[in-house]
Amino acid sequence: MTLLELDGLTVRHGQLAAVTGVSLAVREGETLAIIGANGAGKTTLLRSIAGVLRSSSGLIRYDGEDVTRMPTHRRVAAGIALVPEGRRLFPSLTVAENLATGTYRKRPGPWSMDRIFAIFPWMADRRQQSAATLSGGEQQAVAIGRALASNPRLLLLDELSLGLAPIVVRGLYTTLPQILAEGTTVLLVEQDVSQALRVAVRCVACAAGTRCSTVDRPT
């Protein structure tokens, strides 16, 4: 079953076409990685799917419904959650408070706070710690936990490895199988191709947002 389908999607930043005529499909339960150089429009693509950016033309279908003009909060309630590039936590809030912001439009599902703490055990003891005092890897983990708190069907992960040490990146990627075990569909944007290929069944290679070709993961 196709959960997400993009049909000729074009997104502009002013006069600049960041994404032009992109079409792809994501099957329910799979992990699809989008790879490409800086400036290829990967982040723009995820932000458009999440509703943060409006497309200029084309269609976004989610679970068979046209959500192209649906506002962001309704997409979250429908099961689309974004872990944005750069984490975008509330630095003045605690770990627990940041996680709680993800529950505002939550759906019924398996992701409770206890379940999130089971994947990231350190959070339980440091739930009252300010997010501003966390390391980059810890902040990324909280950003993932915040998205999971909404119980998404489709999880959009934007550059998990950005600015993090390789050992931290490997630790974050070890959590993904536990997330996938819950049946969550994942669309992953990643510059670290080796990490993306560890978890993705298929990859989409994009060049300057204008051409995207899908390939199966090498075996």
With a 4.5 Å limit on heavy-atom distance, are the side chains of [X] and [Y] in contact?
X      : Y      : answer
Thr44  : Val19  : yes
Leu6   : Leu59  : no
Gln129 : Thr94  : no
Val142 : Leu99  : yes
Ile179 : Ile144 : yes
Arg69  : Ser55  : yes
Glu138 : Arg126 : yes
Ile119 : Ile116 : no

Taking 4.0 angstrom as the limit, do Lys42 and Glu190 come out as a salt bridge? no

Would Glu28 and Arg153 pass as an ion pair if we require N to O under 4.0 Å? yes

Any chance you could lay out the side-chain contact (heavy atoms from CB on, under 4.5 Å) test for Ile60 and Glu5, step after step, and finish with the verdict? CA-CA 6 Å; Ile60 303 172; Glu5 183 180 4; over 6 Å; no

Where [X] and [Y] come nearest, the two heavy atoms and their spacing:
X      : Y      : result
Ala196 : Ile35  : CB-CG2, 4.5 Å
Phe117 : Ala124 : CD2-N, 3.8 Å
Leu82  : Ala147 : O-CB, 4.3 Å
Ala18  : His13  : CB-CD2, 3.4 Å
Asn151 : Arg107 : O-NH1, 2.5 Å
Thr103 : Ala149 : CG2-CB, 3.8 Å

Quick one: [atom1] on [X] to [atom2] on [Y], what's the gap to the nearest 0.5 Å?
X      : Y      : atom1 : atom2 : answer
Ser92  : Glu97  : OG    : CD    : 8.0 Å
Gln195 : Leu197 : CD    : CG    : 9.5 Å
Leu24  : Leu32  : CG    : CG    : 6.5 Å
Arg105 : His73  : CZ    : NE2   : 4.5 Å
Leu187 : Ile34  : CG    : CD1   : 4.0 Å
Leu89  : Gln139 : CG    : CD    : 5.5 Å

Could you check whether any side-chain N or O of [X] sits under 3.5 Å from a backbone N or O of [Y], counting only pairs where one atom can act as donor and the other as acceptor?
X      : Y      : result
Ser23  : Gly8   : yes
Glu30  : Arg27  : yes
Asp7   : Gly58  : no
Arg75  : Ile49  : yes
Thr2   : Leu4   : no
Ser150 : Lys106 : no
Tyr173 : Val168 : no
Thr133 : Ser130 : yes

Does [X] belong to the same Ile/Leu/Val/Met/Phe/Trp/Tyr cluster as [Y], with side-chain heavy atoms less than 4.5 Å apart forming each link?
X      : Y      : result
Val76  : Val26  : no
Leu157 : Leu162 : no
Trp122 : Trp111 : yes
Ile167 : Leu134 : yes
Leu9   : Val52  : yes

Could you check Arg115 against Glu182 for salt bridge (Lys or Arg N to Asp or Glu O under 4.0 Å), going step by step and ending with a plain yes or no? CA-CA 11 Å; Arg115 183 75 179 88; Glu182 297 291 349; 2.9 Å; yes

Is it the case that more than 12 heavy atoms not belonging to Arg54 sit under 6.0 Å from its CZ atom? yes

For residues Thr68 and Asp66, is any side-chain donor paired with an opposing acceptor at under 3.5 Å? yes

Using side-chain contact (heavy atoms from CB on, under 4.5 Å), reason through Met70 and Glu65 one step at a time and then give a plain yes or no. CA-CA 10 Å; Met70 181 181 287; Glu65 180 181 0; 3.6 Å; yes

Test log, rule side-chain contact (heavy atoms from CB on, under 4.5 Å), inputs Leu156 and Ile80: CA-CA 8 Å; Leu156 309 174; Ile80 301 175; 3.8 Å; yes

